[in-house]
Amino acid sequence: MKAVKRVTKTILGSVLLLVGVAMLVLPGPGLLLVLAGLLILASEFPALERYVGPVRDRAMKAAEDSVRTPFRIAWSVLAGLALIGAGVVWGTVDGLPLAGWSTGSSLILSGVVLFALLIWSYRRVHAHR
């Protein structure tokens with residue numbers, strides 16, 4: 001049972017880390033996902049704990065910056081809506097490259113994750129004020 005838990009944490013942490021790294025160059029809250037992946041992996045691999053602090057500092061700063069002004073919030077909301085819209089288009093239009101619901105659902109999921117983390121960031125920043 002302990003081995004299953006370790007493998008599950010390793011897979012989940014790795015997936016979050018990889019998706020977060022991809023979102024560093026794609027639209028989405030990459031640093032927060034990198035942090036989540038590192039936190040999960042560090043619970044099983046203590047050598048990774050040295051990376052958690054610096055990534056946490058940068059991720060929290062990025063989260064605060066993303067909701068600092070109404071313009072940034074609006075831009076993030078538009079990006080999330082664009083991701084969801086693109087996902088629907090990619091899922092329904094056959095002539096597009098990599099068309100299909102596998103691509104479309106990943107775009108929709110990215111938009112949903114962006115909204116969830118935007119709400120989390122907003123609540124976190126405005127709770128401290």
Side-chain angles (χ1 to χ4, degrees):
M1 191 65 170
K2 193 172 185 178
V4 171
K5 184 178 177 182
R6 182 178 175 106
V7 169
T8 302
K9 281 185 171 183
T10 301
I11 291 171
L12 179 62
S14 298
V15 167
L16 286 173
L17 183 65
L18 291 173
V19 170
V21 168
M23 284 186 163
L24 291 175
V25 294
L26 300 170
L31 279 175
L32 290 173
L33 289 178
V34 168
L35 176 62
L38 274 176
L39 286 169
I40 292 169
L41 289 171
S43 71
E44 293 299 320
F45 305 101
L48 294 176
E49 286 184 24
R50 66 182 176 156
Y51 299 108
V52 171
V55 172
R56 178 183 287 131
D57 294 342
R58 286 186 178 168
M60 293 305 120
K61 174 88 169 87
E64 290 171 10
D65 288 346
S66 70
V67 294
R68 185 162 304 207
T69 66
F71 177 76
R72 288 184 181 199
I73 294 170
W75 189 251
S76 295
V77 168
L78 287 174
L81 291 173
L83 282 168
I84 292 170
V88 170
V89 169
W90 251 265
T92 57
V93 176
D94 290 332
L96 297 172
L98 302 173
W101 282 108
S102 59
T103 303
S105 62
S106 66
L107 288 167
I108 292 169
L109 181 61
S110 294
V112 170
V113 168
L114 189 147
F115 283 132
L117 291 173
L118 183 66
I119 291 166
W120 176 83
S121 297
Y122 185 84
R123 286 184 170 178
R124 183 179 187 282
V125 168
H126 291 282
H128 292 305
R129 291 184 180 171

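Owing to the predicted nature of the structure, the values given are computational and were not obtained by experimental measurement. When a residue number appears, it is its place in the shown sequence, counting from 1.
Checking side-chain atoms of W90 against main-chain N and O of P97 turns up a donor-acceptor pair under 3.5 Å.
Both L83 and V89 are assigned to one and the same hydrophobic cluster, defined by single-linkage of ILVMFWY side chains at heavy-atom distances under 4.5 Å. Criterion: ILVMFWY side-chain heavy atoms under 4.5 Å apart, direct or through other members. Under it, L118 and L81 are part of a common hydrophobic cluster. Under a hydrophobic clustering in which Ile, Leu, Val, Met, Phe, Trp and Tyr are joined whenever their side-chain heavy atoms come within less than 4.5 Å, directly or via other members, L117 and L18 fall into different clusters. Hydrophobic clustering (side-chain heavy atoms under 4.5 Å, transitive across Ile, Leu, Val, Met, Phe, Trp, Tyr) keeps W75 apart from V112. Both V15 and I40 belong to a single network of hydrophobic side chains, linked directly or stepwise wherever heavy atoms of I, L, V, M, F, W or Y lie under 4.5 Å apart.
To the nearest 0.5 angstrom, I119 atom CD1 is 10.0 Å from L114 atom CG.
Residue-environment remark: CZ (F45) exceeds the threshold of 12 foreign heavy atoms within 6.0 Å. Counting heavy atoms of neighbouring residues, nucleotides and ligands inside a 6.0 Å radius, atom CZ of F115 exceeds 12 of them.
Side-chain contact between I108 and W101 is present, with heavy atoms from C-beta onward closer than 4.5 Å.
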Give the table of side-chain donor-acceptor pairs shorter than 3.5 Å for residues 52-63, with sequence neighbours excluded, one pair per line with atom names and distance.
from, atom 1, to, atom 2, distance (Å)
K61, NZ, D65, OD1, 3.1
K61, NZ, D65, OD2, 3.1

Just list the side-chain donor-acceptor pairs under 3.5 Å for residues 30-38, sequence neighbours left out, or say none.
none

List, one per line, each side-chain donor-acceptor pair under 3.5 Å for residues 2-12, sequence neighbours excluded.
from, atom 1, to, atom 2, distance (Å)
T8, OG1, V4, O, 2.7
T10, OG1, R6, O, 2.8

